[in-house]
Amino acid sequence: MLDNGQLLPDRVSAPKTSPSFARLVDLQLIESDTGTLGVADAATHIGFPVLRTYFLTGVPNGKGRGGHAHKTMRQCFICLRGQVTIVVSRCAESLKFRLTDYSEALVVDPGCWRDLYDFSSDALLLVLASQPYTERDYIRDHTEFLEWELAESEASVPFIDLARQDSDLQSAVADAVHEVIRSGVYIGGPQVAEFEAQFAEYCGVAHAVGVGNGLEALALTLAGWGVGPGDEVIVPAHTFIATALAVDRVGAVPVLVDVEADTGLMDPALVQAAITPRTRAVIPVHLYGQPADIDGIREAIGGRDIKILEDAAQAHGAFYRSRRCGALGDAAAFSFYPTKNLGALGDGGAVVTDDPALAAAVRRLGNYGGLRKYEHQVIGGNSRLDPMQAAVLSAKLPSLDRMNARRAELASLYLANLADLHGLALPKTHAYAQPVWHVFAVRCEGRRDELFRFLAARNINANIHYPAAIHQQACYAGRWPGQSFPVAEMWARDVLSLPLDGAHTNAEILAVIEAVTDFLSIPQHA
Ligand SMILES: *Cc1c(COP(=O)(O)O)cnc(C)c1O
């Protein structure tokens, strides 16, 4: 909460009790002959950004305030004067704390019942809270709390919970947002340039250009190469719709190719067969965080003047041999949609490339066709990464490898425990790849929808990426007459994404494994 370098705490206070749902932390006290300065820092002491502060005083001697629980609010209690007793309980465990001075604070996790009582008549209790007041967050009846707690404890595995995913980054992200608010610059500015430089370095390329979203990153790159009407661009039939839409956006023709049965990735042999004199680019998709076979695709292209545009929207940080996805083709498009491995707090995207001319072209096209105000060299549009998102992404980028490593840990848990099940195809990884597990996609032939419902009944939220191949989408009806993409259709029919995200606990993944195992042991009706 203090920016002044002199006042930064000289050590991080260790919790006095073992890490638990309620714990005492030492505050920083700076004493001098002009008095005492007490510091409770969000990052080092409290562990959450403070959005509301209130205090209790004038409670009659020996009295209390009545018990209650908060479902999602985190709180920090500091007794500035006098004394008070706080009992915090969760899952039949109670912890009792007597706060007697301001040298330490009591930090309480969400989902706990608390009783505040035995106030001394002079007590002044300061409360720092992680969220604004909302009555929905309160449970004031103890029986109701016990029922709520029971319902919460019954396994419920979210597919993804962004609030939870970011919990250890929340302070850094909030600080970044506040810095942008204070800066007064809300388009362009140093935060965008900083993130672009950081992300380019992370990917191992010379340039990154922030744009509005992943679809724009794809389309602006094609436009930057001058791909347009009369040109063909090869895309896989099994991908998110944006890969194909980007080609339509520039007026070119998406040419679909089927995918590898084992991985769902673009099949280089089919790319070779799809090349015509009009082919200007190929867009391999690193689907599910698994790198596509770039060397194979490059070989298929041979010496022709055909660009490779990686759709890296699901592969931030993945490695193909010793290089990152994003550094493999002539350019790569990233999305920072909130659920991606590196996600913003809204839409965002980037084009990365070693080609300075393409980087400048993309920047121009996304900035009204010019690099300077009121100078418009080409017919451009408006597609920029805003500094708020750039600052958030810069705050999160240092944790990307750690979050990806956690995803890999959870993926290994699935792979080890689901390996021998009949009726389930597990994701395959090429020997050249170090994937980032954007999605853990299994296939359950003929029973996918049944498995989805079975998991839902156990409060496990699976997902489907994607329920239809590109040519099966209504918007593309009739576009590829007489062509078939049976492997892509097989994926659309059988694929199921199991919950896997950096914030999942091992216990949650084990609950999913148990449920999938139970499902597959149910005999199938003939
Ligand atoms: C998310 C995604 C996109 C599009 O990104 P947006 O930022 O949502 O426009 C493109 N391709 C793939 C493979 C994606 O997963």
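Counting starts at 1 for both ligands and their atoms, following the listed order. When a residue number appears, it is its place in the shown sequence, counting from 1.
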Ring pair (Phe, Tyr, Trp, His ring centres under 6.0 Å) for Y368 and Y374? Distances and angles first, verdict last. CA-CA 9 Å; Y368 302 112; Y374 309 128; 9.7 Å; no
Row check, Y133 ring normal vs R52 NZ/CZ: under 6.0 Å, within 45°: no
Find out whether the Lys NZ or Arg CZ of R447 is both under 6.0 angstrom from the six-membered ring centre of F519 and within 45° of the ring's axis. yes
For the rings on F334 and H316, is their centre-to-centre separation under 6.0 Å? yes
Cation-pi between R443 and W491: NZ/CZ under 6.0 Å from ring centre and within 45° of the ring axis? yes
Could you pull out the closest heavy-atom pair between I306 and I301, with the gap in Å? CB-CG2, 3.8 Å
Show me the short polar-atom pairs for ligand 1: any N or O of it lying under 3.5 Å from a protein N or O, with distances only.
residue	atom	partner	partner atom	Å
ligand 1	5 (O)	S335	OG	3.2
ligand 1	7 (O)	G214	N	2.7
ligand 1	7 (O)	S335	OG	2.6
ligand 1	9 (O)	G214	N	3.2
ligand 1	9 (O)	L215	N	2.9
ligand 1	11 (N)	D311	OD1	3.2
ligand 1	11 (N)	D311	OD2	2.8
ligand 1	15 (O)	Q314	NE2	2.8
ligand 1	15 (O)	K340	NZ	2.6

